[in-house]
Amino acid sequence: MSFLTLEPIRLLLYLVGVCAFVGANAAYLVLAERKGAGRIQRRPGPNEAGYAGLLQPVADGIKLLAKQIMVPPGTDALLFRAAPLMVMAPSLMCLAVIPFGANLVARDLNIGLLLVFSFGSINVMALMLGGWASRNKFAIISSARVVSQNVAYEIPMLLVVITMLMVTGTMNLNEIIHQQAGWFWNWNVFKVWVNPLMPVTFVIFFICMLAETNRAPFDMAEAESELVAGAFTEYGGMGFGVFFMAEYANIVVGCCLATILFLGGWQSPFGALSGVLGPLWFLLKMYALIFTVIWIRWTFPRTQFYSLLNLSWKILIPLSLFTLVLTGVMIKII
Amino acid sequence: MNPSLEQLTEQFTGLVGANGPAGTPIVAGLAEAGPGSATAATPVGAAVAAPAAATGALAPAAPPPLSPVQTVNHALKGYDFDATVAPDQVAAAAGILDASGFSLDTVTGVDWIAQDQMEVVYDYFHPTAPLRAVVRTRIPRANPELPTILHVFPGANWHERETHDFFGIRFLGHPNLKPFLLPEDADFHPLRKDYQP
Amino acid sequence: MIAQKDSISPGSSLRAGGPAGPEADQHCPNETFVLNLGPQHPAAHGVLRVLMTMDGEWIKRAEPVIGYIHRMHEKMGENRTWAKFLPNTSRIDYLSAMHYTHAFVGAVERAAKIEVPPRAEYIRVITSELNRISSHMVWWGALLLDLGGFTPILYAFDDREKILDLLEGLCGARLTYCYYRFGGLYNDVDDTFLNGTREFVQHMQPRLKMYRDLVTDNIILRKRLTAIGGISAELCRKYGATGPVIRGSGVAYDVRRAEPYSVYSRFEFKIPVYPESDSMARYLVRMDEMEQSLRIIGQALDQLPEGPVMGKVPRVLKLPPGDTCYAVEAARGRFMVRIVSDGKEVPYRVKLRTPSFSNLSLYEEASKGMILPDALAMMGSLDLVIPDIDR
């Protein structure tokens with residue numbers, strides 16, 4: 001045991017663990033999405049490779065890996081190659097501070113929340129560079145959309161996070177979870193005595209999370225019926241595969257964060273059984289959120305770009321500002 | 001707004017004259033319009049007045065010239081009103097129908113190679129009245145030119161381009177008579193009867 | 001914001017303060033680029049190519065380039081007999097093949113003065129209306145795909161499958177039917193078809209209500225279509241747009257009423273008209289039309305007379321000289337066949353006036369100043385079938 005508690009060994013284990021977690025999630029969330037879409041559309045979904053299609057991600061992965069990564073002439077080859085890495089690396093970094101259980105966290109940082117959001121913002125830059133380097137008109141339109149969309153939704157999201165900071169008083173994610181111990185009404189989303197608008201705050205956070213990860217109905221960046229594949233139009237093989245995986249990795253990070261901030265993280269809903277079963281509760285909540293994300297995608301059409309921006313600037317930002325002020329007032333009074 | 005057949009007949013009779021285009025010389029094109037320059041035109045009065053009846057070699061034996069403006073039984077022909085005008089009158093005819101609220105159905109051609117002529121047919125339908133009108137004109141095959149009706153019905157743009165593609169009929173004043181349905185470099189007109197693929 | 005015409009080079013600097021919209025034209029007149037949408041593009045239905053001169057995401061000019069699937073049906077008509085051209089007509093608009101064969105068959109019957117038995121006419125109406133529903137289902141799914149909603153098309157194709165099965169039982173074809181013949185039909189309907197059609201009418205009515213609740217009333221869909229893509233009645237008239245496009249502009253023009261053909265005058269049905277002229281109006285027109293088609297099918301099934309399904313047709317069909325027109329209301333609008341005969345066994349000229357051709361021709365004018373996603377949504381609401389445009 002003493003060997004395992006050595007700091008470098010521990011870090012190495014966590015690094016491998018986080019990479020494996022992201023990889024497995026990205027691969028199998030694609031399958032889950034396709035299966036989920038199949039259920040929604042009354043068809044079986046992929047079911048040929050392996051039992052019930054369980055080997056489909058492996059087959060997809062082999063296919064993508066076997067393909068040549070084309071760098072079209074005239075592109076900025078360096079940026080073109082760097083963009084997929086830049087979109088993947090930050091989400092891996094974010095997972096380093098996510099506590100899956102009481103002790104199951106790679107780095108228990110005091111500024112965990114800040115770190116997640118600082119790395120999370122790199123995503124937009126990577127997409128923009130990828131689109132810009134592609135030398136493709138569809139990709140450039142997509143890049144312009146990504147930037148304006150992510151900038152617009154970063155603001156209400158951060159306002160919500162500030163609200164949560166005021167409520168919890170800490171940026172340490174494990175600390176935030178510890179504060180939500182007990183029965184499920186102690187979760188932040190139900191703490192209406194702290195702020196009556198807490199459920200609304202959660203919904204704002206969830207919508208912003210959808211928009212930040214470019215998921216339907218806010219998938220302006222990809223918008224395949226308009227922009228072919230948006231910023232990824234010129235990517236093929238694993239270049240495209242990494243973008244694709246990063247999308248799911250970002251969803252995982254976003255849903256993890258929503259779980260931690262609002263749904264009590266690894267706390268059980270009944271006040272007991274959160275110790276050893278903690279990771280289970282955490283994953284349960286996270287995958288429930290991810291399923292909601294998938295469900296929304298296959299149910300709604302895409303929004304218009306300007307109504308998307310209107311939603312942010314005219315509704316979400318004023319609303320989140322209001323909750324911020326309200327929380328401040330409530331904290332002062334109580 | 002809704003016109004009657006009598007009104008249309010009256011207006012078109014005013015346009016083409018009592019004897020119709022059969023009485024006036026067919027001009028070879030708008031560029032050289034005027035009675036004095038009608039030398040290239042062949043005397044085709046009978047064929048113009050009875051286009052449907054003129055059938056190849058049978059043309060001389062065709063029935064006596066019909067009136068250029070006539071009402072037709074819709075159940076038999078599929079249209080109510082049939083007017084034959086001179087090539088330079090198609091825009092005026094379109095103007096009359098436009099003022100009566102007609103909409104452009106299609107513009108097309110027919111190659112009457114036996115008479116060395118091209119027929120251009122303008123179909124109109126009425127969006128609110130149960131009326132269908134046909135305006136037709138004949139131009140010489142050697143120099144198939146007639147004015148565009150683009151300024152009256154902008155929708156004629158594509159129809160005229162298509163007719164130019166298929167028959168080589170030049171619509172004077174049309175801004176863009178490039179190949180449309182045919183390949184970009186097409187210099188042939190497949191619906192001409194003498195077209196050899 | 002984006003560099004000129006054809007060179008979007010990563011090296012060129014991103015200028016600050018790009019154009020904010022069409023009003024920014026005068027400041028930087030050369031800041032447009034040409035977006036070549038198609039002929040292979042997931043949003044273009046088939047091989048339609050649109051050259052879009054764009055200012056950012058605003059369209060300054062969208063010029064459709066057509067002809068990629070041009071097959072010259074009109075020339076084919078001139079070198080085969082009347083009957084041999086009949087299968088061609090179902091290939092023009094493969095989604096509403098029944099209507100197209102109906103128009104050609106009707107034109108020949110009109111010219112040759114062939115009597116069609118009433119039972120055949122009723123069955124023609126039933127199959128035509130079934131075909132209209134199946135065509136609208138494809139449009140509905142494809143429009144939702146354009147708008148980014150993936151699921152409806154699978155439900156639409158599920159319903160369409162039932163129609164295809166019914167029609168397949170009649171004539172063996174699932175898409176390019178050649179069921180109508182000069183003077184009647186290829187064969188009589190059987191009980192399987194009649195009962196199946198009754199069942200389908202029963203099945204479809206609640207389905208349409210479900211689609212209305214789940215899709216039509218969806219707020220995102222409403223926002224995507226309402227007050228966007230306006231086409232005025234005058235624009236429709238000037239360009240000869242017909243079908244749901246003109247009915248979505250408040251004009252109750254329907255060939256089934258304006259020039260009643262077959263036995264349509266014997267049925268009660270409403271022509272859905274929406275005066276809003278936007279994409280939503282065209283959407284609602286088609287959704288309502290499916291209900292009206294079901295009404296017509298129900299009435300025709302109830303009134304279906306007994307008797308033969310084939311009239312007297314000469315063995316060698318020679319049409320009297322002259323031209324004849326026949327128009328039908330196809331799923332996309334007015335389809336007219338103009339045939340010119342010189343008394344021989346082969347047509348002298350066959351002109352096919354297709355609705356999508358005219359409906360698309362107004363796109364350039366109607367899409368000016370729109371934003372790209374809206375313009376594509378509007379294109380979806382026009383319900384284009386590219387072979388129908390190119391012929």
Side-chain angles (χ1 to χ4, degrees), chain B residues 50-56 58 62 74-80 82 98 101-112 114 119 121 123-132 134 136 152-159 161-162 165-166 176 179-184 186 190-191 193 195 197, chain C residues 64-72 74-75 78 106-107 110-111 113 233 235-242 246 249 251-253 255 257-261 321-327 334 336-344 348-349 351-354 357-358 360-362 364-365 389-391:
Chain B
T55 58
L58 293 174
H74 184 283
L76 293 179
K77 299 295 266 179
Y79 47 88
D80 302 284
D82 189 345
D98 180 38
F102 274 87
S103 177
L104 183 71
D105 200 352
T106 185
V107 178
T108 187
V110 184
D111 182 8
W112 295 105
E119 184 182 7
V121 187
D123 278 279
Y124 297 90
F125 68 93
H126 201 288
T128 50
L131 270 182
R132 279 263 291 108
V134 175
R136 49 183 101 224
V152 187
F153 285 104
N157 185 342
W158 282 22
H159 293 290
R161 267 182 87 179
E162 184 200 305
D165 258 21
F166 291 173
N176 188 14
F180 189 42
L181 290 166
L182 298 182
E184 285 161 18
L191 280 185
K193 288 285 174 187
Y195 166 70
Chain C
V65 181
I66 62 174
Y68 287 92
I69 194 166
H70 175 56
R71 291 152 295 171
M72 202 72 215
E74 299 179 9
K75 185 72 182 174
E78 292 181 11
R110 184 173 271 169
K113 298 195 174 60
L235 195 67
C236 284
R237 187 178 76 80
K238 288 282 188 186
Y239 280 87
T242 47
I246 198 169
S249 304
V251 181
Y253 179 76
V255 183
R257 278 282 158 79
E259 300 171 45
Y261 58 97
D323 60 348
T324 315
C325 300
Y326 199 91
R334 176 190 170 81
M336 186 193 75
V337 172
R338 159 183 281 282
I339 52 173
V340 181
S341 168
D342 58 351
K344 296 207 184 77
Y348 192 74
R349 170 97 174 92
K351 165 68 187 171
L352 308 160
R353 187 271 184 203
T354 51
F357 187 84
S358 298
L360 181 66
S361 67
L362 55 72
E364 183 172 344
E365 188 156 336
I389 299 168
D390 288 354
R391 283 159 294 156

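Lettering of chains follows the sequences in order, A, B, ..., and the numbering in each one begins at 1. All values below come from the heavy atoms of this structure, side chains included, with hydrogens, waters and symmetry mates left out.
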Residues in salt bridge (charged side-chain N to carboxylate O under 4.0 Å, His left out) with B:D111, at least two apart?
-> B:R141

Under 4.5 Å between any side-chain heavy atoms of B:E162 and B:V107, yes or no?
-> no

What option among B:V121, B:L131, B:D105, B:V134 has the most heavy-atom pairs under 4.5 Å with chain C?
-> B:D105

Greatest number of non-hydrogen atom pairs under 4.5 angstrom with chain C, of B:Y124, B:F153, B:W158, falls to B:W158

Bottom line for C:E74: the part with an atom under 4.5 Å from chain B's heavy atoms is both

Excluding sequence neighbours, so at least two apart, what forms salt bridge (charged side-chain N to carboxylate O under 4.0 Å, His left out) with B:R132?
-> B:D123, C:E259

Give the member of B:P130, B:P179, B:A156, B:P127 that has the highest number of heavy-atom pairs under 4.5 Å with chain C.
-> B:P127

Checking heavy atoms, do the side chain of C:K75, its backbone, both or neither come under 4.5 Å from chain B?
-> both

Name the region of C:R257, side chain, backbone, both or neither, that has any atom closer than 4.5 Å to a heavy atom of chain B.
-> neither

May I ask you to check whether over 12 heavy atoms, not counting those of C:K344, lie within 6.0 Å of atom NZ?
-> no

Salt bridge B:D82-B:K77, side-chain N to carboxylate O under 4.0 Å = no

Is the shortest side-chain N to carboxylate O distance from B:E119 to C:R349 below 4.0 Å?
-> no

Donor + acceptor pair across side chains of C:S249, C:R237 (<3.5 Å) = no

Check whether C:Y261 gets within reach of chain B through its side chain, its backbone, both or neither, counting any heavy atom under 4.5 Å.
-> neither

Residue C:I69 versus chain B: region with a heavy atom under 4.5 Å = neither

Examine whether an atom of B:F125 lies under 4.5 Å from a heavy atom of chain C, and if so say whether it belongs to the side chain, the backbone or both; otherwise answer neither.
-> side chain

The interface call for C:L362 against chain B, heavy-atom contacts under 4.5 Å, is neither

